[in-house]
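Please read these numbers as outputs of a predicted model, since none were measured by experiment. Order of the sequence lines sets the chain letters (A, B, ...), proteins ahead of strands, with each chain counted from 1.
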Amino acid sequence: MRMSAFFGKTLREEPAEAETSSHRLLLKSGMIRQVASGVYTYMPLAWRSLRKIESIIRQEMDAAGSHELRMPALHPLELWESTGRADAMGQTLFGLRDRRDRSLVMAPTHEEVVTQTVKANVHSYRDLPQILYQIQTKFRDEPRPRGGLIRVREFDMKDAYSFDADEEGLDRSYDAMVQAYRNIYRRCGLNAVMAEADSGAIGGKDSHEFLLPAESGEDLLIHCSGCDYAANAERAESVKPPLEHEEPLPLEEIHTPGMKTIEDLGVHLGIPAPKTLKAVFYACDGEVVFVTIRGDLEVNEIKLTRLLGCRELRLASPEEVEAAGLVAGSASSIGLEGIRSIADDSIRTGANFVVGANRPDYHVRNACYPRDIQPDVIADIAMAQAGHACPRCDSPLQADRAIEVGHVFKLGTFYSESLEATYLDRDGAQKPIIMGCYGIGVGRLLAAAIEQNNDEKGIVFPDAIAPYQVYLAALNVDDPEVMQAAGDLYRQLTGAGLETLFDDREESAGVKFNDADLLGLPVRVVVGPRGLRGGTVELRRRDESEGRSVELDGVADAVRSLLEGTAG
RNA sequence: CGGGGUGUAGCGCAGCGGCAGCGCGCCUGGUUUGGGACCAGGAGGUCGGCGGUUCAAAUCCGCCCACCCCGACCA
């Protein structure tokens, strides 16, 4: 493609609204343009890159035995009501009405429709297993779109669904998808980490996310420095730092005027956070629940929600706390009655904790479990933190922000039971089909790739997903020799099957070098009078600091060798 | 939904009661040409919208809308 005829321009100034690097670079390179909050036009450069990602995804999904189909984006609301997800999705679901006042939704995902489709086409164990996928536009009215393509309201997703007769079959389908996902990320040049993930309200036995470490990520990846344990912080387990063994001492009340936080106690009494127990009050579907956890730990609300089996969990309001007879800032579960009491298992790790005295401005020393504190339930409800020990191998855990670029999920029979998608087994018994689902956000993958591959000058595209492979820059377009040589090279490169963006614009050398760096195509070829005097041009990989001189007639071969090994 | 912020030319911004501005980009001509060149001339605006105050509103007041950031939320 000749840049003189290309559609789309790079920006000289930094886009004002962009904070994350991928958002900034996508805008500055002219790859995307915002239409509304969380809604973007993909310009030709971005679209080429996205199509390459899609192509890799298709190849790997097909190789895994999955079949591509295409489902609609417009669904009848009734279908979503039949599984209860119209309520569950809430306002995230985009809705509209047709001319006869029927309610439709813009599909955020396709479990319902695909299950309905399979129900009509699968009747026997002989029809199973099946894995179906599509690459299709999803609509989700996110409360807060952010970070350019990181979180948007309209986006393309590869969503796949597996259908099996039994759990073993589901495990095989799941493993096949996991392997396909690993291949996809590897081929895209990305080192995504497969991490244990929360399996959500529907349950199911396994769920994993593929996380790409990046500063602007919305998720926190907990991973082990010594083994391959990795989990989303929502779900991660850890061995909490132990305390030294102590003999229990008698309870002792202390005056603590104005001290309401663990920090206050530390500053004023010299008590380290792990030697305290803090009280947190939650409203679990409206019921106030008392939660006790060691002072150096944070409550993991996802774990707590699963433990309590509640639908909505939030911090209790001050009014609810007061109505329950609790003293915020000086509460403890000592002598607590009439309120469900949950404690993190960290209360077992030590003795002689400082806790609230259940009256204002007083705390108590030397509280011990189980002598003084008897919660109804003790479980792991703490956030794993960097520095905690790995639950598998005891090495220190690390924590890194990361972007979720894929999610795989063993669904079980929730949808097949709701929609009565059954099959007859060998014995003639009717059984619900066992499902899994598997998603990759295509645009988010592009954003994450840029997030992970850039420098102060611009994007450094992984070879396989770069919009073009070669940036061919002619430095002096008014010089007939230069243009002749550049034109010949353009034909040589494209003739050799190399995707080449030919910068034949009437711009200064500096502009072209800067745009080349900004766009981040893997190989840059520079044609200028200086090199031509010796019959050479300069080749340089975007991810290397040194270029090399190459004779004119060997450029295509030289470019190919620079791309080898990483080209998709 | 709570908190913070921003809306003025394609992009980045100044102006904050009295003629609509600057830089970049864009167009024309010329000179340049290996890391965002220079000179001259030019085009481009419902100042987010509606209403109010005023002789006079981009500017003051009110309401609304849009967008960004933090949080909540995110099967």
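Residues passing the ring-ring contact (aromatic ring centres under 6.0 Å, His included) test with Phe461(A): none are found, sequence neighbours excluded. Residues satisfying the side-chain hydrogen bond (donor to acceptor under 3.5 Å, both in side chains) test with Ser216(A), not counting sequence neighbours, are Glu451(A). Take Glu237(A) and apply the salt bridge (Lys or Arg N to Asp or Glu O under 4.0 Å) test, not counting sequence neighbours, and it matches no residue. For the side-chain hydrogen bond (donor to acceptor under 3.5 Å, both in side chains) test, residues two or more places apart in sequence or in another chain that qualify with Asp159(A) are Gln134(A), Lys138(A), Tyr161(A). For the side-chain hydrogen bond (donor to acceptor under 3.5 Å, both in side chains) test, no residue two or more places apart in sequence or in another chain qualifies with Asp517(A).
Within 3.5 Å, no donor on the side chain of Arg140(A) pairs with an acceptor on the base of C74(B), nor the reverse. For Arg505(A) against G25(B), a side-chain-to-base donor-acceptor contact under 3.5 Å is absent.
At a threshold of 4.0 angstrom between heavy atoms, the contacts of Gly147(A) are confined to the sugar-phosphate backbone, with no base atom among them. Base contact: Gly531(A) has a heavy atom under 4.0 Å from a base atom. Across all strands shown, Arg540(A) has heavy atoms under 4.0 Å from base atoms, whether or not it also approaches the sugar-phosphate. Counting non-hydrogen atoms under 4.0 angstrom, Glu538(A) reaches a base of the nucleic acid.
In this structure, Val405(A) and Leu211(A) have side chains that are not in contact, with every pair of non-hydrogen atoms separated by 4.5 Å or more. Side-chain contact between Asp206(A) and Tyr174(A) is present, with at least one heavy-atom pair separated by less than 4.5 Å.
Listed nucleotides C74(B), G36(B), A75(B) differ in distance to Val511(A); the shortest reach to its side chain belongs to G36(B). With A37(B), C69(B), G35(B) as the choices, the nucleotide that has an atom nearest any side-chain atom of Arg524(A) turns out to be G35(B). Of the listed nucleotides (G36(B), C67(B), A75(B)), C67(B) has the atom at the smallest distance from the side chain of Ala36(A).
Using a 4.0 Å cut-off on heavy atoms, the residues of residues 470-480 of chain A that approach RNA chain B are Leu475(A), Asn476(A), Asp478(A), listed by number. Proximity of residues 438-460 of chain A to RNA chain B (heavy atom under 4.0 angstrom from any strand atom) is not detected for any residue.
The C1' atoms of A58(B) and G15(B) are separated by 9 Å, rounded to the nearest whole Å.
Where Ser37(A) and Pro529(A) meet RNA chain B, the nucleotide closest to each residue was compared, and Pro529(A) sits on the side nearer the 5' end.
Taking a pair as Watson-Crick or G-U wobble with both distances under 3.5 Å, the runs of three or more consecutive pairs in RNA chain B are B:1-7 with B:65-71, B:10-13 with B:21-24, B:26-31 with B:37-42, B:48-52 with B:60-64.
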Atom pairs under 3.5 Å, N or O on each side, protein against nucleotides 39-44 of chain B: can you list them with distances?
none

Give every pair of a protein N or O atom and an N or O atom of nucleotides 70-72 of chain B that lie under 3.5 Å apart, one pair per line with the distance.
from: C70(B); atom 1: OP2; to: Arg144(A); atom 2: NH1; distance (Å): 3.0
from: C70(B); atom 1: OP2; to: Arg144(A); atom 2: NH2; distance (Å): 2.6

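Listed by first and then second residue, the side-chain hydrogen bond (donor to acceptor under 3.5 Å, both in side chains) pairs that reach into residues 432-447 of chain A are Ser162(A)-Tyr438(A), sequence neighbours excluded.
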Walk along nucleotides 7-15 of chain B from 5' to 3' and tag each nucleotide B, S or - by protein heavy-atom contact under 4.0 Å, base first, then sugar-phosphate.
----BSS--
